[in-house]
Structures are given as C-alpha cells and as structure tokens.
Amino acid sequence: GHGIVREYQFLQPTTVTLLTERRHHRPWGAFGAEGGKSGCNELNGQPLGAKQTLQALPGDVLTIATPGGGGWGRT
C-alpha cells in the first residue's frame, strides 16, 4: 500500500514531538511479495529522527512521509 505525505508550515514558534516508526526498516511483504517503502521525517528538507522533540520556528516546514504497507502474494 501507499503511504501518505503531509507538510506542515508553522506560523509561530512551536514545540513538536515525533513518535514515528518504520523509518529505517521497511514493512515486510507476505507470501513472496515485496516490502513496503520506509517512511521519513524532515524539517526544512533535513532528515529528522523517528522519535524526538524539536523547536520549530515561523516559516519552518515539517514533512512527514508515512511508510507504505508490504505486499501480499506474488505479483
């Protein structure tokens, strides 16, 4: 399955806490299918860790790409 991408642009100083998963290890596939795509977090285009707290400033853009699900069966 496909993940989703969300972008947030901050209008004022903000504390952000990320508690995300599957940023380094892809979701696996089942019965011979391929694994899904890893997710990623970025602040202004720079990679972020999966679990952290940060301070965002006005104009900063946080991008969160969720992982895609693994497939099912041979295609």
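The first residue of the sequence shown is numbered 1, and numbering continues consecutively from there.
For the pair Thr20 (side chain) and Ala50 (backbone), a donor-acceptor distance under 3.5 Å is present.
Counting all heavy atoms, side chain and backbone alike, Gly59 lies closest to Asn44 at O-OD1, 4.3 Å. Taking every heavy atom of both residues into account, Leu57 and Phe10 meet most closely at O-CB, 3.8 Å.
Taking Leu54 as the reference, Val16, Leu18, Leu43, Leu48, Gln52, Ala56 meet the side-chain contact (heavy atoms from CB on, under 4.5 Å) condition, with sequence neighbours excluded. A search for side-chain contact (heavy atoms from CB on, under 4.5 Å) contacts involving Glu7 returns Val61, Thr63, not counting sequence neighbours.
Environment of CG in Leu11: sparse, with no more than 12 heavy atoms of neighbouring residues, nucleotides or ligands closer than 6.0 Å.
Under the 3.5 Å distance criterion, with hydrogens and angles disregarded, a donor-acceptor pair is assigned to the side chains of Gln55 and Thr15.
Going from atom CD1 of Ile64 over to atom CD of Glu42 covers 11.0 Å, rounded to the nearest 0.5 Å.
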